[in-house]
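This is a predicted model, so every value here is computed, not measured. One-based numbering, in listed order, for ligands and for the atoms of each. Note: hydrogens, waters and symmetry copies are ignored here, and every other heavy atom, side chains too, is used. Numbers here are sequence positions counted from 1.
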Amino acid sequence: MPEAFQYTDERFADIQMLRYRVTGFEELSPRQRILVYYLSEAALTGRDILWDQNGRYNLRIRQLLETVYLNYKGDRTSDDFRAFTVYLKRVWFSNGIHHHYSTDKLQPRFSPTFLRKALEDCAGATGLDALCEELFPVIFDPEVMPKRVNQAEGDDLLLTSASNYYGHDVSQAEAEAYYEALKAKAQDPARPVMYGMNSRLVKEDEGLRERTWQSGGLYGAAIDKIISWLEKAESVAENPLQAAVIAKLIEFYRTGSLVAFDEYTILWVGETEGDVDFTNGFTEVYGDPLGLKASWEGFANFKDKTATARTEALAANAQWFEDNSPVDPRFKKTSTRGVTAKVIVAAMLGGDLYPSSAIGINLPNSNWVRAEHGSKSVTIGNLTDAYNKAAHGNGFLEEFVIDEPTLALINKYGDACDDLHTDLHECLGHGSGRLLEGVDPDALKAYGSTIEEARADLFALYYIADPKLVALGLVPDAEAFKSQYYTYMMNGLMTQLVRIEPGACIEEAHMRNRALIARWLLKASASGSKPAMAMTQLDGKTYVKINDYDALRNLIGQLLAEVQRIKSEGDYHAAACLVETYGIKTDPQLHAEILQRYSALNLAPYKGFINPILTPEYNDQGCITDVSISYGEAFDHQMLRYSRDYATLPLTND
Ligand code: ZN
């Protein structure tokens, strides 16, 4: 038996570190594993670019802190050194000195005196005065560079943001005027390039000039190394189109041409034959207050074969599900095709996807490329899985689930049923049913998206309890669905409220839909002699109690039929009534109780991942023959290794 995989790693400040397992890596061919390895190296090699984008002092501060961390000879158990370690880990996690999410500057809980003394002990006193004078205010003074991305209305967003996308003396008005003028000169206004995406805008001789991030330009040293890994990847690509995608990306990195970048994204969107895929480059614009300049990220991944097999089984039976649903035959499709899921497995996270990562990718960002060439929208299955696995045993379910037998059911079946629910929702639910002739698809207006999500969820809930899924081998037995019913109702009636501020309403469509379904079912349950589901009090705490799972499924079928009718007929008033009655308002007393119980669990609000280690294997001639994967590296070891092996830039890039 292999040792159990440890999904949860250390916790510090507001961060919980997790690990993800690269499921299916062993099933790839050796050549595919080598491709993943080259793309992974390319994904890690741009690390310094992001650090410098996040702030002009970040690389120097990182080196200073790591010098102390590696060489400190004093008491490593002292309060000062512990506080120093937490600060360094937070800086590592944030890829700079500002919080990765709030973008507020991280405040050290140790003194400048401690750091100065430590530096003197580790690196000697030469030049220390000047260094401290320059960097200590940046580290310690809350007034200096307080925010990485300032969005406060009325401020000059560039002069007050610490991110390094514009020269420190470039004002918001100057930058806006500069890019307005560029856009006005666009050759094809319907197909604009992503102006400003890959450069820093600086003042030079009183004029503004872009310093482009490209080979031979700003960040050129890092980009050249990325190119060399991409060239290796190109040589082992799975098919000619994939090789062409990589070649085009290399051309973009060499030339800095935004036209080449658009050509690259068009090729990238079109390449769907290979198992292995990647993102690499200047991608997301959240770090620029003006939303133009893109942070560097890298990501190597491959198709999730297990998830794909699952959804292929559902898609192959799509018409059976349509025919057997409890919906009025007038609202059913006579021919329906399921969609297969686009689930991928993360193999390496880099740049702005590391350590904190998205669990889905939806690219490219160019509107006209999306409209004319489509987009890739995928979920990262093994990251979701790691989040789920880490949630077991963190006390959350123990707090909110009513009793031991129900908890055991959830621990046994919960993760598998969550995945299956998502598959049923995405692959069959949204595609099922039809509008009556002449009905406006937008007839439900503002209630449309909540009703649509409810329709897909109800379809999934109805069928997850169907013997057909046992027959298809998608659930282990006829009990499994109960775990999904319980957690869905618990979430819709209670625990999703932890994401709502006290006194606020439910706004987001998916959350409204879950509240709508769960509360409608609660109300409908109460009309029978013995309720199928009820809210109950035990020791002063509220719980969901499900008495009759089969009766609950019948009610789900009734609501599915009604929601499909509303959609098919475009019955705006019925939609409004359902959503307003069940989907929006919160019960202040219950809400307060849930928030209080949740905060008592003291769970870390932010999570991030430690990467696996990919190790190449070589033959006697020194040629790479295969790649092996291992886990278990500590967060600090990984960070120090990356700082050593992927140090691609000078410490200042002005
Ligand atoms: Zn949906």
Engineer: Among pairs that include at least one residue of residues 439-461, which meet ring pair (Phe, Tyr, Trp, His ring centres under 6.0 Å), considering only residues two or more places apart or in two chains?
Structural biologist: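 Matches after skipping sequence neighbours: Tyr447-Tyr572, Phe459-Tyr463.
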Engineer: Taking atom CD of Glu322 and atom NZ of Lys332, what is their separation to the nearest 0.5 Å?
Structural biologist: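 The distance works out to 7.0 Å.
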Engineer: Would you mind writing out the side-chain donor-acceptor pairs for residues 406-415 within the sub-3.5 Å range, not counting sequence neighbours?
Structural biologist:
| from | atom 1 | to | atom 2 | distance (Å) |
| --- | --- | --- | --- | --- |
| Thr406 | OG1 | Asp403 | OD1 | 2.4 |
| Asn411 | OD1 | His392 | ND1 | 3.0 |
| Asn411 | ND2 | Leu407 | O | 3.4 |
| Tyr413 | OH | Asp477 | OD1 | 3.1 |
| Tyr413 | OH | Asp477 | OD2 | 2.5 |
| Asp415 | OD1 | His392 | NE2 | 3.2 |
| Asp415 | OD2 | His392 | NE2 | 3.3 |

Engineer: We want to know whether Gln319 and Asp323 form a side-chain donor-acceptor pair, criterion being a heavy-atom distance below 3.5 angstrom.
Structural biologist: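 On atom types as modelled, these side chains qualify, holding a pair under 3.5 Å.
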Engineer: Output every pair passing salt bridge (charged side-chain N to carboxylate O under 4.0 Å, His left out) with a member in residues 576-591, not counting sequence neighbours, ordered by first then second residue.
Structural biologist: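 Sorted pair list comes back empty.
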Engineer: May I ask you to decide if the ring planes of Phe396 and Phe400 are parallel, tilted or perpendicular, using 30° and 60° as cut-offs?
Structural biologist: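 Phe396 and Phe400: tilted rings.
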Engineer: I want to verify a count. Protein N, O or S atoms less than 2.8 Å away from the Zn ion (ligand 1), how many are there?
Structural biologist: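 Atoms of protein N, O or S type lying less than 2.8 Å from the Zn ion (ligand 1) total 3.
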